[in-house]
Amino acid sequence: MIANWKMHKTSREAVDFIARIAPAAAAARCLVIIAPAFPSLAAVAAAVQGSAETSAHGLAVAGQNLHWEAEGAFTGEVSGPMLADAGCGYVIIGHSERRQYFGETDETVHRKVRAALAAKLTPIVCVGETQAQRDENETEIVLRYQFERAFWGMEEADFRSCVLAYEPVWAIGTGKVATPDIAEGTQRFLRHCARNVFGSEASESLTILYGGSVTPANVRGLLEQPDVDGALVGSASLDPTSFAAMIRAC
Ligand code: PGA
């Protein structure tokens, strides 16, 4: 269960939030990942320290983006080693807002996935179609292309260290959630794409999250689907009561 805070919350607000969801996270049988803005990373990492993080439960921290180089003259950018140093174990890559507003392409997504793995961060790779693409019946073509470009030339062992997030662009920040059937059908297709490239074992163990207008009211129906392994939550993750309710549902 991932809280993607986007450009919200100061360090103080972030730490206060962690204190308020800590009981729900401690009782949860899922891994809870907080993705704050860069300036709050260290404070959030300190606040979650000591929560027994394993791949199955506990609290962990993610960056919302990274640069593909480890260091260099890239004003305003943050690298994988810097995120790891700040306490991140994960990083979100290729979110549609990055693609839409900041010129991210399938090629930069691919380079960032490699950079994340090199820094021992788990990449959370976002793919998703627009409303126009869905209307034109292009969803599978678009998703297959994004998937194959993101993981191009990758060894199976590296792929097993990645997480995939299906984030239909038409559902992000719109209040228009995918129905459980749409999420399941599309995520089953993504698992099929993974099987074609990396084989059945890697595809079966792949974690595929759903993201786009997830709320306490709809999260349960989504998570009940066999190919929906978790949720990446934006606006409904900003309120601790609402996020705690989603952790409990998970
Ligand atoms: P939303 O954002 O929950 O506000 O739709 C989801 C996302 O951007 O991952």
Applying ring pair (Phe, Tyr, Trp, His ring centres under 6.0 Å) to W5 and not counting sequence neighbours gives F17
Going by heavy atoms in the side chains, are E148 and C193 under 4.5 Å from each other? no
Separation between CD (Q146) and CD (E167), nearest 0.5 Å, reads 11.0 Å
Original post:
Passes side chain to side chain contact (heavy atoms under 4.5 Å, CB included), S40 versus V15? Steps please.
Top reply: CA-CA 9 Å; S40 307; V15 169; over 6 Å; no
Beyond-backbone contact of L59 with I21, side-chain heavy atoms, under 4.5 angstrom = yes
CG of L209 to CG of L222, rounded to nearest 0.5 Å, is 11.5 Å
One should read off an interatomic distance between Q133 CD and D135 CG, to the nearest 0.5 angstrom, of 10.0 Å
- pair L41-V61: side-chain heavy atoms closer than 4.5 Å: yes
Nearest heavy-atom approach of A150 to V125 is CB-CG1, 4.0 Å
Ignoring hydrogens and angles, write down the donor-acceptor pairs under 3.5 Å from the side chains of residues 238-250, residues two or more places apart or on other chains.
unit_1: D239; atom_1: OD2; unit_2: S242; atom_2: N; d: 3.0
unit_1: S242; atom_1: OG; unit_2: A236; atom_2: O; d: 2.5

(Q) Take a 6.0 Å sphere around CD of E138 and say whether it holds more than 12 heavy atoms from other residues, nucleotides or ligands. (A) yes
Give a yes or no on whether the backbone of L143 and the side-chain of E129 come within a donor-acceptor separation of less than 3.5 Å.
no
Those residues at least two apart in sequence (or on a different chain) that pass ring pair (Phe, Tyr, Trp, His ring centres under 6.0 Å) with F74 are H67
Check: Heavy atoms, side chains only, cut-off 4.5 Å: are C162 and M154 in contact?
Finding: yes
*Mind checking whether Y90 and L31 have side chains closer than 4.5 Å, heavy atoms only?*
yes
Residues D229 and L206: closest non-hydrogen pair is OD2-O, 3.3 Å
For Y166, the ring pair (Phe, Tyr, Trp, His ring centres under 6.0 Å) test, sequence neighbours excluded, returns none
- Looking at side-chain heavy atoms only, is the closest gap between N4 and S237 below 4.5 Å? no
Discussion item. Can you confirm whether E13 is buried at CD, in the sense that more than 12 heavy atoms of other residues, nucleotides or ligands lie under 6.0 Å from that atom?
Written reply: yes
Cluster check V48, F38: I/L/V/M/F/W/Y, side chain < 4.5 angstrom:
yes
In this structure, CG of L190 is separated from CD of E140 (nearest 0.5 Å) by 9.0 Å
**Item:** Residue pair R99 / V109, side-chain heavy-atom distance below 4.5 Å
**Value:** yes
Closest non-hydrogen atoms of A178 and A183, given as atom of the first, atom of the second and distance, are CB-N, 4.3 Å
Note to self: Are there over 12 heavy-atom neighbours, none belonging to E155, within less than 6.0 Å of that residue's CD?
What the structure shows: no
Single-linkage hydrophobic cluster I208~V197, side-chain heavy atoms < 4.5 angstrom = yes
Exercise for review: Tell me, with the steps shown, if I182 and R134 meet side chain to side chain contact (heavy atoms under 4.5 Å, CB included).
Suggested key: CA-CA 11 Å; I182 289 179; R134 177 158 280 272; 3.7 Å; yes
Only residue of L83, L66, V91 satisfying side-chain contact (heavy atoms from CB on, under 4.5 Å) with V78 is L83
Has the side chain of S213 got a donor or acceptor atom that lies under 3.5 Å from a matching backbone atom of A171? yes
Do H95 and Q64 pair up side chain to side chain, a donor and an acceptor below 3.5 Å, judged on atom types alone? no
Margin query: Using the rule that Ile, Leu, Val, Met, Phe, Trp and Tyr join whenever any side-chain heavy atoms are under 4.5 Å apart, tell me whether L121 and W68 fall into a single cluster.
Written below: no
Between the OG1 atom in T207 and the CG atom in L164, the distance rounded to the nearest 0.5 Å is 9.5 Å
Closest heavy-atom pair, A119 versus P81, reported as atoms and distance to 0.1 Å, is CB-N, 3.8 Å
By side chain to side chain donor-acceptor pair (under 3.5 Å), Q225 pairs with (sequence neighbours left out) none
Checking I93, L232, V163 against C126 for side-chain contact (heavy atoms from CB on, under 4.5 Å), the one that qualifies is L232
Those residues at least two apart in sequence (or on a different chain) that pass ring pair (Phe, Tyr, Trp, His ring centres under 6.0 Å) with F189 are none
Worksheet entry | Hphob cluster co-occupancy, I172 + V228, side-chain heavy atoms under 4.5 angstrom | no
With a 4.0 Å cut-off, would you call R160 and E156 a salt bridge?
yes
Exercise for review: Check the surroundings of atom CD in Q131: do more than 12 heavy atoms from other residues, nucleotides or ligands lie under 6.0 Å from it?
Suggested key: yes
Value for CG (L223) from OH (Y210), rounded to nearest 0.5 Å, stands at 11.5 Å
Checking R191, Q187, H192 against D227 for side chain to side chain donor-acceptor pair (under 3.5 Å), the one that qualifies is R191
Side-chain heavy atoms of V32 within contact of C30, under 4.5 Å
yes
Smallest heavy-atom separation, P180 atom then G221 atom, equals CB-O, 3.6 Å
For this session: Following the transitive rule for hydrophobic clusters with a side-chain heavy-atom cut-off under 4.5 Å over Ile, Leu, Val, Met, Phe, Trp and Tyr, establish whether I92 and V169 coincide in one cluster.
Result: no
Exercise. For the pair T108 (side chain) and E104 (backbone), establish whether a donor and an acceptor sit closer than 3.5 Å, ignoring hydrogens and angles.
Key: no
